[in-house]
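This report refers to the structure that appears directly beneath it.
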Amino acid sequence: MNYIRNLRKPFTYIFSLSFIGMITVLFSCKTPNPSFEIQHLENEQSIVRIEKAQKYLLLPIEEASGESQLFVIVDNGVVQTLHVRLAVNNIDYFVPIDLSVFTSKHISFKIQHIVDSAICWNEIKLSDTFDTANREPFRPTYHFSPPYGWMNDPNGMVYKDGEYHLFYQYNPYGSMWGNMHWGHAVSKDLVSWEHLLVAIAPDSLGTIFSGSAVVDKDNTAGFGAGAIIAIYTSAGERQTQSMAYSLDNGRNFTKYDCNPIIIADIPDFRDPKVFWHTETNRWILILAAGQEMQLYSSSNLKEWTYESNFGVGEGAHGGVWECPDLIELPVEGSNQKKWVLICNLNPGGPFGGSATQYFVGSFNGKSFINESPQITKWMDWGKDHYATVTWSNAPDNRSIAIAWMSNWQYANNVPTQQFRSANSLPRDLTLYTFNGETYLRNVPSAELETLRGKAENKRSFIVDRLYNIDKLMDSNTGSYEIEINITNNNAEVIGFRLFNSLGEEVDCYYNLLEKKFYMDRNTSGTISFSEDFPAITEAPVTSGKEMKLRLFVDKSSIEAFGDNGRFVMTNLVFPSESYNRISFYGKGGTYEVSTFNVYPLSITK
Ligand code: FRU
């Protein structure tokens with residue numbers, strides 16, 4: 001993300017409240033709710049004083065409002081500073097501040113930059129409940145999304161004791177980027193997720209930006225054998241790296257008392273990913289520094305030694321490098337293993353904005369060498385696949401990646417409100433060789449097959465120009481998988497339009513002369529929220545006569561996995577009703593669709 005353009009304010013904790021005493025009280029009004037009092041002070045400053053607390057203070061939010069500063073004051077000391085878009089003219093939704101975490105009875109809020117006539121003053125309320133039931137037509141069924149509020153990058157993914165942990169960049173105080181915390185969810189099967197409480201909250205060093213987590217099996221850090229150790233960026237006036245540990249499988253984290261652990265005089269210096277390097281018997285940390293990656297080593301996760309950097313003259317540099325990963329993967333059809341450096345880039349992706357590139361090569365415990373410096377390799381060929389990283393400690397030597405399914409060009413403006421953003425599906429990574437080059441294969445994780453209901457529309461057919469299927473499923477919830485195997489006779493273009501009764505459609509086609517697969521979402525539904533949203537994305541295709549495609553459609557996304565994961569394309573779409581028809585077409589010849597299965601997908605647990 002572009003930090004200058006997006007005005008990210010350092011998060012500060014102030015431990016004295018001398019300024020309150022200097023403010024003249026101009027106006028004080030008893031609100032209709034006797035449990036709190038609102039005082040308007042001069043210069044658009046107000047105080048909300050809680051007299052009889054309930055579990056939550058519910059704040060009315062209007063996304064079009066500017067951010068106001070909200071100081072949480074407990075016993076006359078500021079314990080937290082938030083940036084919230086309080087409603088001035090209209091209320092979009094409410095967000096909760098959990099008051100139950102404060103043991104003291106003396107809680108108040110000082111709010112700056114909101115006019116006395118704003119609608120929020122009549123609407124702020126106390127409540128013992130906060131309703132998170134889904135209210136959104138575009139909330140995915142089987143992709144992970146936060147219960148409410150904003151989410152971006154997946155963070156700290158680690159597997160331990162039968163649980164996949166997913167932490168994520170989270171704003172609990174609005175559905176736009178800000179106030180970064182680590183949200184937390186766990187899953188036993190990568191598909192059904194249980195939401196847990198926020199894991200790591202901002203502190204005096206800053207808000208909590210992206211990072212990773214490891215299981216410290218051998219107690220190298222001294223917090224306890226088996227501790228989950230999170231290493232993340234503290235985003236204050238500068239970006240530094242910090243750590244926190246959990247001795248109860250991620251339910252509670254304690255911050256290390258000597259944070260930060262890595263500092264530098266570089267403005268963009270973040271997103272540490274840590275792994276154990278067996279050959280050199282030590283931890284390696286890779287982080288993004290401007291437009292390069294830096295590597296560090298450590299024996300105890302606390303003290304880090306700079307080893308090397310990577311990036312100058314390598315790959316795409318249209319924007320800042322973020323969220324790195326470095327993993328070793330087997331090369332199919334050989335006994336070889338190679339290292340893959342995953343590098344998220346924003347902007348500068350192939351279709352504008354955010355994207356994930358990767359480099360294949362070797363790593364000797366000190367530095368990474370790219371074996372093909374002349375080639376830029378993209379991990380996913382859609383517009384909505386960013387901040388991709390893999391699970392640490394995954395079972396059976398699996399490398400499982402997940403991405404944030406959005407793009408910084410429009411992520412804050414997509415047409416949802418209660419929540420904003422979902423993750424991609426989990427993908428298992430391996431390497432394959434094509435024309436002497438090594439590439440990533442991304443296969444949908446096998447667990448996704450457990451979501452399948454009974455296949456509908458199982459059939460095969462020949463396409464000679466046009467073949468229409470007027471109903472994909474009897475009852476279409478908008479969440480399904482289409483499995484298509486094609487044998488080409490002599491067609492030059494093989495395509496299908498997925499559409500609904502309103503004429504909203506996504507057009508997918510292979511151009512076999514160009515050896516490319518395309519997805520066109522220009523008329524896919526709601527597109528007007530950003531001029532960067534309408535798009536045609538394209539991927540190189542290596543298959544010849546036989547083509548295999550798995551298309552995962554959810555309420556607001558399509559992920560196409562081609563040729564068993566040789567290419568992937570992830571794009572958001574916002575149709576007014578589910579796409580429930582499909583029309584195959586061909587140009588220049590005929591082809592056979594030998595398999596056409598549609599599986600409704602749902603989470604039953
Ligand atoms: C990537 C990113 C990271 C940063 C985080 C902040 O999307 O910009 O580099 O840590 O988001 O939310």
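Remember, it's 1-based here, ligands and their atoms both numbered in the order they're listed.
Using a 4.0 Å cut-off between heavy atoms, Asn152 contacts ligand 1 through its side chain alone, with no backbone atom that close. With a 4.0 Å cut-off on non-hydrogen atoms, Ala387 does not touch ligand 1 at all. Residue-level proximity to ligand 1 for Tyr386 is carried by the side chain, the only part with a heavy atom below 4.0 angstrom.
Below 4.0 Å from some heavy atom of Trp408 lie the following atoms of ligand 1, by number and element: 1 (C), 7 (O). Residue-ligand proximity, Gln169 to ligand 1, at heavy-atom distances under 4.0 Å covers atoms 5 (C), 6 (C), 12 (O). Every atom of ligand 1 with a heavy atom of Ser210 under 4.0 Å away is listed here by number and element: 5 (C), 10 (O).
Note: His165 and Phe167 have parallel aromatic rings, judged against thresholds of 30 and 60 degrees for the angle between ring planes.
No hydrogens or angles considered: nothing links the side chains of Asp268 and Gln239 as a donor-acceptor pair under 3.5 Å. Looking at Asn413 and Ser530, their side chains never bring a donor and an acceptor atom within 3.5 Å of each other. Judged purely by distance below 3.5 Å, without hydrogens or angles, the side chains of Asn249 and Lys160 pair a donor atom with an acceptor atom.
Using a 4.0 angstrom heavy-atom cutoff, Asp271 counts as in contact with ligand 1.
Judged as a side-chain hydrogen bond (donor to acceptor under 3.5 Å, both in side chains), and not counting sequence neighbours, the contacts of Glu303 are Asn300.
Checked against a 3.5 angstrom limit, the closest N/O atoms of Trp404 and ligand 1 fall outside it.
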Validation: residues 256-264 side-chain donor-acceptor distances under 3.5 Å, sequence neighbours left out:
| residue | atom | partner | partner atom | Å |
| --- | --- | --- | --- | --- |
| Asn259 | OD1 | Met243 | N | 2.9 |
| Asn259 | ND2 | Met243 | O | 3.0 |
| Asn259 | ND2 | Tyr256 | O | 3.3 |

